[in-house]
Number of protein chains: 2
Amino acid sequence: MDPGERRQAVVEAVFRVVEREGLEQASLRNVAAEAGLAIGSVRHYFDTHAELMVFAMTEMRDRMVSRLMVHVERLLDPAAAWTPGGRREAVADLLAEVLPLDEARRREAVVWLAFVTAARTRPELRPQADSLYDGLLTLATRLLEGARRDGRLRPGADVALEARRLCALLDGLTLEAVLHPARLDAPTLLATLRAHLATLTTPGGSP
Amino acid sequence: MDPGERRQAVVEAVFRVVEREGLEQASLRNVAAEAGLAIGSVRHYFDTHAELMVFAMTEMRDRMVSRLMVHVERLLDPAAAWTPGGRREAVADLLAEVLPLDEARRREAVVWLAFVTAARTRPELRPQADSLYDGLLTLATRLLEGARRDGRLRPGADVALEARRLCALLDGLTLEAVLHPARLDAPTLLATLRAHLATLTTPGGSP
DNA sequence: ACCTTTATAGCACGGCCGTGCTACATTCTT
DNA sequence: AAGAATGTAGCACGGCCGTGCTATAAAGGT
């Protein structure tokens with residue numbers, strides 16, 4: 001098996017353990033068992049436990065980023081002829097991609113929350129945690145700047161402040177959906193995001 | 001020393017360890033050392049480690065609730081003659097109490113985040129976690145209903161949806177302030193909350 | 001005075017942890 | 001075919017963990 005694939009398989013095992021039992025249970029032993037490998041085999045690909053955790057968190061971040069990039073590139077495509085309403089929809093779809101709207105994204109959000117909270121007391125994870133927050137903040141800022149350029153942004157809005165407010169809403173919704181899935185289902189999440197975006201933009205229809 | 005005080009002192013030690021090194025380091029040994037006690041002494045007051053954690057989380061919740069209750073009772077005081085603008089301010093102050101605006105509240109928020117995320121995989125902590133979320137949600141709902149009664153709420157607003165949106169913003173701001181204190185200082189937190197409240201209410205001045 | 005209850009302290013066991021190290025098998029290179 | 005490199009597996013050590021249990025001291029009630 002390709003070394004890269006093995007590492008991916010181990011990381012998948014990490015994600016499953018974290019989702020099922022929490023990050024503190026993601027020991028080398030538990031991860032190896034979950035991956036169907038011996039503990040020594042895992043250590044052949046990752047020298048230390050910390051290295052495995054950093055790699056897993058980086059992988060989680062990369063997957064989130066690349067998922068968002070698909071939407072971003074669609075928005076930046078110069079060949080696409082966007083109507084104002086279409087752009088509005090595309091931005092909403094992009095931001096909805098951050099929310100745990102299906103089981104796959106919910107699992108990713110669980111892992112995200114576990115790692116970023118762990119990063120508070122684990123220096124080796126801090127760079128990834130900061131990168132995740134900074135990435136979301138600059139994405140929100142860019143989107144709002146674009147909206148302002150196109151006249152879709154509500155006049156008088158402070159872009160920097162609104163970007164932070166949007167990030168807080170997304171992070172808060174994700175946190176609550178992860179911790180209280182029975183109280184925040186997918187339609188509710190989406191409706192909340194759309195209501196927020198409606199207050200940010202000029203009153204404009206969908207067309 | 002009074003048994004109640006001893007338990008409080010141990011809980012304080014738990015909070016300090018959690019803040020400094022994370023919940024996973026809050027072992028009986030570490031907590032006892034932090035409290036200046038022998039491990040057996042701690043166990044005299046708390047039979048098991050799980051019992052100590054549940055008690056500490058309950059204590060954290062009770063403190064948050066009682067801090068908010070001061071503001072709530074002030075709002076409900078029938079003897080107080082409220083101007084619309086005064087109510088607006090009082091509600092903003094109440095909600096600001098949730099945010100980690102000073103060192104004391106930041107420490108409490110760190111502990112909050114540690115416990116509610118841990119509750120996802122620890123059944124014995126779930127009741128407290130759910131109670132915290134439900135409490136905040138019903139508080140937000142009541143406040144918005146009150147605002148609607150007084151005509152301070154923006155017409156056409158969906159109270160249930162706006163309550164959820166407000167909770168998400170508060171939780172998101174708290175999460176981000178805990179994880180990225182350098183990027184979200186107290187004035188920024190306050191400005192974000194006030195901007196959100198401004199979009200929720202009718203355009204009304206401070207008087 | 002005595003005795004029961006409460007408080008404080010610590011030992012010892014089994015269990016899980018990360019990791020240094022070695023052993024064996026497989027694959028690749030030459 | 002021989003040897004090097006790589007993958008897989010597991011043992012063993014020291015460390016921290018929760019907890020059952022015992023020992024000693026202090027307090028309180030009678």
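Distance CD1 (B:Ile39) to C1' (D:dC17): 9 Å, rounded to an integer number of Å. One interatomic measurement links the two molecules: CZ of A:Arg7 to C1' of D:dT8, which rounds to 16 Å at whole-angstrom precision. Between the CG atom of A:Asp47 and the P atom of D:dG7 there is a distance of 12 Å, rounded to whole Å. Put simply, CZ on A:Phe46 is 12 Å from P on D:dT8, counting in whole angstrom units. One interatomic measurement links the two molecules: CD of B:Gln25 to P of D:dC16, which rounds to 11 Å at whole-angstrom precision. Between B:Glu24 atom CD and D:dC16 atom P the separation is 16 Å, expressed in whole Å. Look at CG on A:Leu28: it is 5 Å from P on C:dG18, rounded to the nearest Å. Here C:dG10 presents its P atom at 13 Å from CZ of B:Arg29, a figure rounded to the nearest Å.
Side-chain polar atoms of B:Thr188 and A:Arg164 form no donor-acceptor pair below 3.5 angstrom. Between A:Gln128 and A:Thr58, the side chains place a donor N or O and an acceptor N or O closer than 3.5 Å (distance only, hydrogens not considered).
A 4.5 Å side-chain heavy-atom check between A:Val72 and A:Leu139 finds at least one atom pair inside the cut-off. A:Leu95 places a side-chain heavy atom less than 4.5 Å from the side chain of A:Leu166. Counting only heavy atoms from C-beta outward, the side chains of B:Arg165 and A:His196 approach each other to under 4.5 Å. Side-chain contact between A:Leu37 and A:Arg6: present, with at least one pair of heavy atoms (C-beta onward) separated by less than 4.5 Å.
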Would you mind building the protein contact string for nucleotides 21-26 of chain C? One character per nucleotide, 5' to 3', B for base within reach (heavy atoms under 4.0 Å), S for sugar-phosphate only, - for untouched.
B-----
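Of the residues in residues 52-60 of chain A, not one comes within less than 4.0 Å of DNA chain D through any heavy atom.
The side chain of B:Arg6 places an N or O atom within less than 4.0 Å of a non-bridging phosphate oxygen (OP1 or OP2) of C:dT8. B:Ser27 has a side-chain polar atom (N or O) that falls below the 4.0 Å cut-off from OP1 or OP2 of D:dC17. In terms of phosphate contacts, B:Ser41 brings no side-chain nitrogen or oxygen within less than 4.0 Å of OP1 or OP2 of C:dA7. In this structure, A:Asn30 reaches the C:dC17 phosphate: one of its side-chain N or O atoms is under 4.0 Å from OP1 or OP2. Close to D:dT6, at under 4.0 Å from its OP1 or OP2, lies no side-chain N or O of A:Tyr45.
Residues satisfying the salt bridge (Lys or Arg N to Asp or Glu O under 4.0 Å) criterion with B:Arg43, sequence neighbours excluded, are absent altogether. With sequence neighbours excluded, the residues forming a salt bridge (Lys or Arg N to Asp or Glu O under 4.0 Å) with A:Asp150 are A:Arg87, A:Arg152, listed by chain and number.
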Identify all pairs in which a protein N or O lies below 3.5 Å from an N or O of nucleotides 4-6 of chain C, and state each distance.
none

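Between B:Tyr133 and A:His180, the ring planes lie parallel to each other; the angle is under 30°, not in the 30° to 60° tilted range.
Within the structure, ring-ring contact (aromatic ring centres under 6.0 Å, His included) contacts touching residues 50-108 of chain A (residues at least two apart or in different chains) are A:Phe46-A:Phe55.
Counting only heavy atoms from C-beta on, A:Ala38 has its side chain closest to D:dG10 among C:dA9, D:dT19, D:dG10.
Nearest approach of A:Leu189 to A:Ala177, heavy atoms of both residues: CD1-CB, 3.9 Å.
With a 6.0 Å radius and a threshold of 12 heavy atoms from other residues, nucleotides or ligands, B:Arg142 has its CZ atom at or below the threshold.
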